[in-house]
Asker: 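First the structure, which I've put down as structure tokens, then a few questions once you've had a look.
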There are 2 protein chains.
Amino acid sequence: MTKTNTSSSLARVSELLQVISPEPRLEILLAIGTGEACVCHLEAILGYRQAYISQQLMALREAGLLDSRRDGKYNFYRLAKTGIFELLQNAAQIAEANLIKREPAMHKKQCACPHCAPAFSNSILVEPTH
Amino acid sequence: MTKTNTSSSLARVSELLQVISPEPRLEILLAIGTGEACVCHLEAILGYRQAYISQQLMALREAGLLDSRRDGKYNFYRLAKTGIFELLQNAAQIAEANLIKREPAMHKKQCACPHCAPAFSNSILVEPTH
DNA sequence: ACATTATATTCGGAATTAGGAATATGATAT
DNA sequence: ATATCATATTCCTAATTCCGAATATAATGT
């Protein structure tokens, strides 16, 4: 007895598609890729204001698409489900668009976070100034 | 030199996802399945008003997702791209929903269209009353 | 304690969208 | 020509979403 179309299943699919579809959210998902990214990072890469990025991340997180991990000042976001890339690939194909990258995002523009400036972060080489 | 993320590619993917995401449109896409359906049909199956169905069909058609074929009074709609079902399957999986059928939709509720009442439509058995 | 940096949240008005009512169009039948 | 049925379209407003500004919180440094 396989489950058939229930309104709640439809609603969940609808919600998923709605929540990822705004262009800035697609940009964020692609920027995160298979890696992780902090807010300042996405701010630097994508050029949106911090509060705006944060809002979009919240929406994606509440939808269960992103997980976050705090590391000191930084809050790193990553995809909660891998299937998202297949979905985007599929959508791109239908839309006749080639746009999907799934690398962990080597960042051209930089912020001060550990990922952008690894030499200066969490490093045992940097001694406390006590 | 493979094409990279252009804003227009992103925009197309965004538009695609947006246009299919409303629940009534998902219902319509699933109801059409791999077959075709006229408006009165979808009206009967889904219970939305005619004008509303028509509006949603227009939106999907303008987005290039549906083709239509006129047959007398009836206007039959079918999916313009097959990939749509893979997309929906994918979305359902991520949303932890099982809902996708891709049969040509055997209709429980009926309207007077050739597909619902095949015995009375276009049939050589029904002679004109001249 | 105070400053600074990273991030989150709240508020509100502008812009957009949803969807109902009414009506128009197009095909067929009489 | 008129009626009827299937479908499309226009109009309008309530509801929603977008996104900026301002502010709050949380961690770290000095």
Side-chain angles (χ1 to χ4, degrees), chain A residues 14-15 17-28 36-63 66 68-77 110-117 120-123 126-130, chain B residues 14-15 17-28 36-63 66 68-77 110-117 120-123 126-130:
Chain A
S14 176
E15 197 202 347
L17 294 173
Q18 299 237 37
V19 82
I20 68 172
S21 61
E23 216 172 319
R25 297 192 188 155
L26 293 176
E27 288 184 73
I28 287 173
E36 58 179 12
C38 59
V39 179
C40 62
H41 214 67
L42 297 166
E43 198 183 349
I45 296 172
L46 303 176
Y48 295 106
R49 288 171 310 108
Q50 175 271 321
Y52 186 64
I53 296 273
S54 198
Q55 282 168 357
Q56 308 313 315
L57 288 171
M58 282 305 99
L60 291 167
R61 194 161 69 119
E62 276 162 21
L66 294 180
S68 66
R69 163 182 81 85
R70 179 172 274 279
D71 180 7
K73 300 193 287 188
Y74 302 96
N75 226 330
F76 291 96
Y77 287 86
Q110 300 208 341
C111 66
C113 82
H115 284 207
C116 276
F120 300 112
S121 63
N122 285 347
S123 170
V126 178
E127 297 295 330
T129 48
H130 56 279
Chain B
S14 176
E15 198 203 346
L17 295 172
Q18 298 236 38
V19 83
I20 68 173
S21 62
E23 216 172 319
R25 297 191 189 157
L26 293 176
E27 287 184 74
I28 287 174
E36 57 179 11
C38 60
V39 179
C40 62
H41 214 68
L42 297 166
E43 196 183 349
I45 296 172
L46 303 177
Y48 296 107
R49 289 170 309 108
Q50 175 271 318
Y52 185 63
I53 296 273
S54 199
Q55 283 167 357
Q56 309 312 314
L57 287 171
M58 282 304 98
L60 291 167
R61 194 162 69 118
E62 276 162 22
L66 294 181
S68 66
R69 164 182 79 86
R70 179 172 272 280
D71 180 6
K73 299 193 289 190
Y74 302 96
N75 227 332
F76 291 96
Y77 287 85
Q110 301 208 340
C111 66
C113 83
H115 284 207
C116 277
F120 301 114
S121 64
N122 287 347
S123 170
V126 177
E127 296 296 331
T129 48
H130 58 277

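Quick caveat: nothing in here was measured; it's all calculated off a predicted structure. In what follows, every chain begins at residue 1, and chains take the letters A, B, ... in the order their sequences are listed.
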Asker: Measure from CG on A:D71 to P on D:dA26 and round the result to the nearest Å.
Answerer: 17 Å
Asker: Tell me which nucleotide among C:dA8, C:dA6, D:dA8 gets nearest to the side chain of B:S54.
Answerer: D:dA8
Asker: Of the options B:V39, B:I28, B:V19, which is the one that meets B:Q56 in a side-chain contact (heavy atoms from CB on, under 4.5 Å)?
Answerer: B:I28
Asker: Using only heavy-atom distances, decide whether a donor-acceptor pair under 3.5 angstrom links the side-chain of A:Q50 to the base of C:dA8.
Answerer: yes
Asker: Choosing from D:dC18, D:dA8, C:dT28, which nucleotide comes nearest the side chain of B:N75?
Answerer: D:dA8
Asker: Which residue lies toward the 5' end of DNA chain D, B:S68 or A:K73, if each is placed at its nearest nucleotide?
Answerer: B:S68
Asker: Is any side-chain heavy atom of B:L57 closer than 4.5 Å to a side-chain heavy atom of B:N75?
Answerer: no
Asker: Can you measure B:F76 atom CZ to D:dA8 atom P for me and round it to whole angstrom units?
Answerer: 12 Å
Asker: How many Å lie between CD1 on A:I53 and P on D:dA21, as a whole number?
Answerer: 15 Å
Asker: B:E43 has an atom CD; how far is it from atom C1' of D:dA8, in whole Å?
Answerer: 13 Å
Asker: Among the nucleotides D:dA8, D:dT7, C:dG20, which one has an atom lying closest to any side-chain atom of B:Y52?
Answerer: C:dG20
Asker: Classify the side chain of B:Q55 and the base of D:dT10 as holding, or not holding, a donor-acceptor pair under 3.5 Å.
Answerer: yes
Asker: Under 4.0 Å between a side-chain N/O of B:R49 and OP1 or OP2 of C:dG20, yes or no?
Answerer: yes
Asker: Starting from C1' on C:dT16, measure out to CD on B:E15 and report it in whole angstrom.
Answerer: 15 Å
Asker: Distance check needed: D:dT17 P versus A:E23 CD, whole Å only.
Answerer: 19 Å
Asker: Whether the B:E27 and B:Y48 side chains hold a donor-acceptor pair (N or O, under 3.5 Å, no angle test) is what I'd like checked.
Answerer: yes
Asker: Report yes if the side chains of B:M58 and B:R61 come closer than 4.5 Å at any heavy-atom pair, otherwise no.
Answerer: yes
Asker: In terms of side-chain heavy atoms of B:Y74, which of D:dT28, D:dA6, C:dT7 is nearest?
Answerer: D:dA6
Asker: I'd like to know if the side chain of A:S54 and the backbone of A:Q50 have a donor-acceptor N/O pair within less than 3.5 Å.
Answerer: no
Asker: Atom OH of A:Y48 and atom C1' of C:dA8: how far apart are they, to the nearest Å?
Answerer: 20 Å
Asker: Is B:Y77 close enough to D:dA8 that one of its side-chain N or O atoms is under 4.0 Å from OP1 or OP2 there?
Answerer: yes
Asker: May I have the distance from A:L57 (atom CG) to C:dT7 (atom P), rounded to whole angstrom?
Answerer: 9 Å
